[in-house]
Amino acid sequence: MSLAKRPLSLTVNDRAIGPIEVPETLMMLDFLHEHLNLTGSRVGCGQGICHACTVMLAEPDGSWREIRTCITGAQFFAGKRVRTIEGHAERDGQGNVVALTPIQQAFIEHFAFQCGYCTPGFVTAAAVLLERLKRRPIRRSEVEGIIETALAPHICRCTGYVRYYEAVRAVILATPGLVVG
Amino acid sequence: MVLPRRWRIVLLAAGLCVVIAGIPALVVFLGAFEHSVVDAAVEAPLTAKQIANLAPKGRYIAAAADCVACHTTEGGAPWAGGRPFEMPIGTLYATNITPDPETGIGGWTRAEFQRAVRDGVAKGGRHLYPAMPYVSYRQMTEEDVDAVYAYLLTRQPVRQENRRDSLPFPYVRQFMTFWNLLNLPHDVPSPVAQKSAAWNRGRYLVDALGHCGECHTPRDITMGVIPSRYLQGAVIEGVDAPDITPEGLARLGFAPNRLGDFMRSGMGPQGVMAFAMYDVVQHSTQYLTDEDAAAMATYLAGDPPPPLPAFAAADLPAGTKDNGHRLYVAVCGGCHGLAGEGTPNVAPPMTTNAALRLPQPTNLLTVLITGLPWRDFPHGARLQDMPGFTGLLTDQEIADVANYLRATWGGRVPDVTPATVRGMRPASDK
């Protein structure tokens, strides 16, 4: 039996992809790994709890949301724009990383991760949060609460939670325009 | 000024009418028609030894009657009351039923407790509102009510004043005499000799203790349950409490053995207990013994149960089918299985899911739009949250996936429109 296929076109990390014939029932995580060789998004629980597989999905208004790729079909992303963990850092023409994002740098400086398996998900969550705060700054008193809410769904089995949290707070407080008053 | 004779006669007649109508009303108001099912023998207090002996049984009966769900407020001390109940005319608060002598029921006699539970009249003759399901509890046996009384008296006393209701005027309580005249059965039904012991026990568990009909039987304009539509389903807190008559349960795919398991574990082939029924499982039905869970299922599913109707999927327009299937694979199948088979301990199957077979799409749409929180279930089980799709899918997409689900695995005509979806979205998302 062969799997029914459907052509898929989308934008990944600002690069137009496709159309590629992919099975109708393929999950996005498998598409990223097997078809695009973007293996940074992790397979963790495979049931949408650990959030190690999250990527950024662009909304029609240009804002971003997190989405779990292990439980979301690849065809759902047809015509949409996503940013995976490979699309955060700045790269040169050959694709070499030349500069990390402030949040990636902060995770390193805070020794936030140990094994690193959950890190792509935490980078995604923090990046979505920072994008949101750029559009809608918050009061200083709301910072801690909003970081907790943003990071809460992500599981880190090395229990780097406090360091992830402190790193995100440091970036928010050091970035002009995210906090008002 | 002297009124013309004709007017005097009219006034006199009107006055007579008021008096003639008023006297019976006054009689009802004062409670002359109220009938207690409580025997005078309960005036004798229970001895300390009787209380100690009855308390363990009372723990079980109180669980089966789900007392704690209402008599504890979120984050509050067990049995100390305070949980609010929003009514169209104001808010009621569940009362403190710990044995604190001043704020709880420590000063209540056995007879006062019996009359509160079975007649709806509290200590001092104060009428209870039927938010306290005394219409159902009226069918409880004297011994079971004694057992609950004994159990409560052996709880930790908590000093917590009862909150006053916010109803517009204070004399409403006494008007419950009219409500009781209409809606409180005079007597309680006897066991049915032709039916099995399990069926009769099941009826007691369903009607007296579980008070299932308080939510599953629709109410009339007086807010009394409609006996002719017993357990045929009602709308409660914005969702459908399903038809749980034997025929209704058969249409949802419940065989008696499945139903008993479902009541105790809160999950099974027919899905996962949600909305208010989650709390019922959590506080009450998970504690039923094997025999009582089976008896409840025997009564509800019928003895003998009607045959389960053959399932047939409903027709679906090709476009909806294609869209619905694509969306199902995109956002549902990762957890619920690409063929709707479900994933154990993750997400219930769709193929046999009762929520898809309900006549109305309300419950399905509520779950699709707003999702469900993660929950603990009996025996250490836990299910992750079901995400709501209000921000991710359009009205048309939610309608398509709902129609796909209902037609494919519910056998229901795919009649959900984008307007229906729109109407159910939270106000913040319209």
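Residue numbers start from 1 in every chain, and the chains themselves are labelled A, B, ... in the order their sequence lines are given, proteins ahead of strands.
- The environment of B/Asp322 atom CG is dense: over 12 non-hydrogen atoms of other residues, nucleotides or ligands sit within 6.0 angstrom.
- Sparse packing is recorded around CD of A/Gln114, with 12 or fewer heavy atoms of other residues, nucleotides or ligands lying under 6.0 Å away.
- Within residues 5-27 of chain A, the residues approaching chain B closer than 4.5 Å by heavy atoms are, in numerical order, A/Arg6, A/Glu24, A/Thr25, A/Met27.
- Within a 6.0 Å radius of CZ in A/Arg135, other residues, nucleotides and ligands contribute more than 12 heavy atoms.
- Under a 3.5 Å cut-off, the side chain of B/Gln384 and the backbone N or O of A/Gln47 do form a donor-acceptor pair.
- For B/Arg163, the CZ atom is loosely surrounded, since the number of other residues' heavy atoms within 6.0 Å does not exceed 12.
- Applying the 6.0 Å contact sphere to CZ of A/Arg163 captures no more than 12 heavy atoms from other residues, nucleotides or ligands.
- Contacts between residues 60-71 of chain A and chain B, defined by a heavy-atom separation under 4.5 Å, are made by A/Arg65, A/Ile67, A/Arg68, A/Ile71.
- The neighbour count for A/Arg81 CZ, taken as heavy atoms of other residues, nucleotides or ligands under 6.0 Å away, does not exceed 12.
- With a 6.0 Å radius and a threshold of 12 heavy atoms from other residues, nucleotides or ligands, A/Lys80 has its NZ atom above the threshold.
- The neighbour count for A/Asn96 CG, taken as heavy atoms of other residues, nucleotides or ligands under 6.0 Å away, is above 12.
- Residues A/Phe76 and B/Leu392 form a side-chain contact, since some pair of their non-hydrogen atoms from C-beta on lies under 4.5 Å apart.
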